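Below is one structure; the comments refer to it alone.
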Amino acid sequence: MDNKAKERKSIYVSNEEMARQQQFIEEIKQLNYQRELQTGKKKLYYLATLGCQMNEHDSEKLAGMLSEMGYAESDNMNNSDLIIYNTCCVRENAEQKVYGHLGPLKHLKKENPDLVIAICGCMMQQPEVVEHIKKVYRHVDLIFGTHNLYKFPELLFRAVGSEETVIDVWDSEGQIAENVAIERKDGVKAWVTVMYGCNNFCSYCIVPYVRGRERSRDLDSILNEVTMLGRQGFKEITLLGQNVNSYGKDLGDGTNFAKLIREVDKVPGIERIRFMTSHPKDLSDELIYAMRDCKKVCEHLHLPFQAGSTSILEKMNRKYSKEDYLRLVEKVKENIPDIALTTDIIVGFPGETEEDFSDTLDIVEKVRFDNAYTFLYSKRTGTPAAKMENQVPEDVKKERFQRLLELQNRISKEINDTFLGKTVEVLVEGLSKNNDRVYTGRTRENKIVNFEGNKDMVGKLVNVRIDTVKTWSLEGSVI
Ligand code: 5AD
Ligand code: SF4
């Protein structure tokens with residue numbers, strides 16, 4: 001084996017280790033089965049997920065492992081035997097939410113000493129958070145991080161039989177674990193991770209510290225997973241990674257994201273392909289052409305610009321200017337005229353002046369995004385931006401945020417208005433949450449469409465004529 005191949009092999013968790021975890025799954029399954037025989041009830045778990053799609057997908061893996069261990073999911077924590085919080089730390093409010101949830105669990109644990117409380121995910125990768133939880137929330141039984149998710153069966157097995165809190169958080173870069181069971185929430189759309197970690201170190205962002213360096217999965221592993229999903233009847237896949245555009249750089253064999261989507265486009269059964277997130281600095285011409293050429297790749301691109309001002313972008317370490325971003329968008333629109341664009345924007349990065357902020361508004365006006373996820377800058381300990389001078393006062397941030405929101409809402413509504421009377425192709429996902437006759441799905445541009453339908457339509461592509469337009473969704477009739 002040459003050095004490169006050896007290096008690649010070491011990135012994967014070994015088959016022996018995965019087999020060891022499988023043994024823990026079997027052990028717990030036996031315990032749960034015996035209990036089920038005694039009580040007539042399955043053991044229940046309650047799983048709460050905060051944060052991004054990566055976390056949602058990690059929770060699908062936890063659910064997959066739990067299902068193999070004989071647990072059933074419950075949406076009520078009061079009757080559960082195991083409560084898990086999969087946490088996020090991208091912004092401070094996500095962390096506060098977790099602390100808010102952990103406190104009241106103390107009395108549940110008092111009522112039911114056999115209850116296991118576990119907490120995992122990005123927040124646990126910060127040592128000061130683990131210290132705080134150990135000190136203040138002593139009723140937590142198990143703490144683990146993002147890099148050792150595959151070890152959950154072993155950790156849970158230890159936590160079930162222990163008085164002490166089991167803590168296992170690795171600060172290593174993390175490996176890739178293939179063949180972890182995944183229980184997908186949805187039967188129509190599936191997430192597929194193509195790479196883990198991030199090397200970009202945007203100066204405000206904690207992700208590279210808690211998710212480790214970029215590691216790409218082998219092309220064949222990804223294609224095998226997508227092929228399986230196609231066979232199982234999934235119609236749409238979203239390729240996931242913190243920065244999917246740098247997929248393959250670490251493989252060293254010329255594989256890149258453009259090549260990957262051209263391959264995924266050929267997989268039978270899959271009708272739609274999406275991906276996120278893209279970093280503007282890595283969005284190559286090759287990828288734009290692949291998006292244009294591949295019939296299944298949807299006309300939607302999520303392309304965070306974060307801030308409009310070139311000097312703020314420099315302080316953010318984003319590696320592009322305002323003009324670079326606008327030129328890139330022009331190129332995308334020239335090649336894919338129907339493209340719907342969405343973005344992420346941070347308001348109130350340290351040192352942001354009114355003039356800087358007007359560049360943010362200017363990009364929003366010029367690009368005309370279909371939708372924007374807007375965030376107040378949140379100071380993250382350990383990131384370079386946290387130590388920068390001229391932190392923007394909260395009231396200034398909030399006032400700018402409001403102006404940005406109003407502008408974006410107006411544009412979103414104006415774009416949606418152009419759909420009035422048009423017929424769009426909708427992939428039907430299921431019943432809408434608020435009404436048992438109304439079904440919901442999305443257009444290729446990722447717009448939500450609600451319409452009267454029936455359950456046979458779920459998982460199918462239907463044509464809907466749009467009769468009503470809202471800021472966040474469209475309504476219409478199947479034709
Ligand atoms: N404060 C506010 N928003 C942030 N994001 C990342 N870090 C921070 C932070 N410290 C936003 C970025 C990113 C999205 C997932 O979260 O816009 O694209
Ligand atoms: Fe964070 Fe930047 Fe990496 Fe995105 S690209 S995860 S914003 S460091």
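Because the structure is a prediction, the values reported are computed rather than measured. Just follow the structure's listing: the first ligand is 1, and inside any ligand the first atom is 1.
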Next item on the list: Indicate whether any N or O donor in one side chain lies under 3.5 Å from an N or O acceptor in the other, for K249 and N199.
Entry: no

Checklist line | Geometric cation-pi criterion, R211 with Y196: 6.0 Å, 45° | finding: no

Notebook entry, point to check: side chain to side chain donor-acceptor pair (under 3.5 Å) with Q126: which of E95, H132, R380, E131?
Noted result: E95

Notebook entry, point to check: Are the aromatic ring centres of F305 and Y320 under 6.0 angstrom apart?
Noted result: no

In a simple table, one pair per line, please give the protein and ligand 1 atom names for every N or O pair closer than 3.5 Å, along with the distance.
| residue | atom | partner | partner atom | Å |
| --- | --- | --- | --- | --- |
| ligand 1 | 1 (N) | S378 | N | 2.9 |
| ligand 1 | 10 (N) | Y204 | O | 3.0 |
| ligand 1 | 10 (N) | S378 | O | 2.7 |
| ligand 1 | 16 (O) | R91 | NH1 | 2.8 |
| ligand 1 | 17 (O) | Q306 | OE1 | 2.6 |
| ligand 1 | 17 (O) | Q306 | NE2 | 3.4 |
| ligand 1 | 18 (O) | Q306 | NE2 | 2.9 |
| ligand 1 | 18 (O) | D344 | OD2 | 2.6 |

Margin query: Centre-to-centre under 6.0 Å for F144 and F152, is that the case here?
Written below: yes

Notebook entry, point to check: Among protein heavy atoms, which lies nearest atom 7 (S) of ligand 2, and at what distance?
Noted result: Y204 OH, 3.4 Å

Next item on the list: Applying side-chain contact (heavy atoms from CB on, under 4.5 Å), run through R184 and L229 and close with a yes or a no.
Entry: CA-CA 10 Å; R184 291 188 156 89; L229 292 167; 3.4 Å; yes

Check: When the aromatic ring centroids of F401 and F375 are compared, is their separation below 6.0 Å?
Finding: no

Check: Do we see a donor-acceptor contact under 3.5 Å between the side chains of D356 and T353?
Finding: yes

Item checked: Atom CD of E355: over 12 foreign heavy atoms under 6.0 Å -> no

Margin query: Closer than 2.8 Å to atom 3 (Fe) of ligand 2, what protein N/O/S atoms do you find?
Written below: C198 SG

Margin query: At under 4.0 Å between heavy atoms, is it the side chain or the backbone of R318 that contacts ligand 2, or both, or neither?
Written below: side chain

Notebook entry, point to check: Can you tell which of K235, R442, R272, K447 makes a salt bridge (charged side-chain N to carboxylate O under 4.0 Å, His left out) with E425?
Noted result: R272

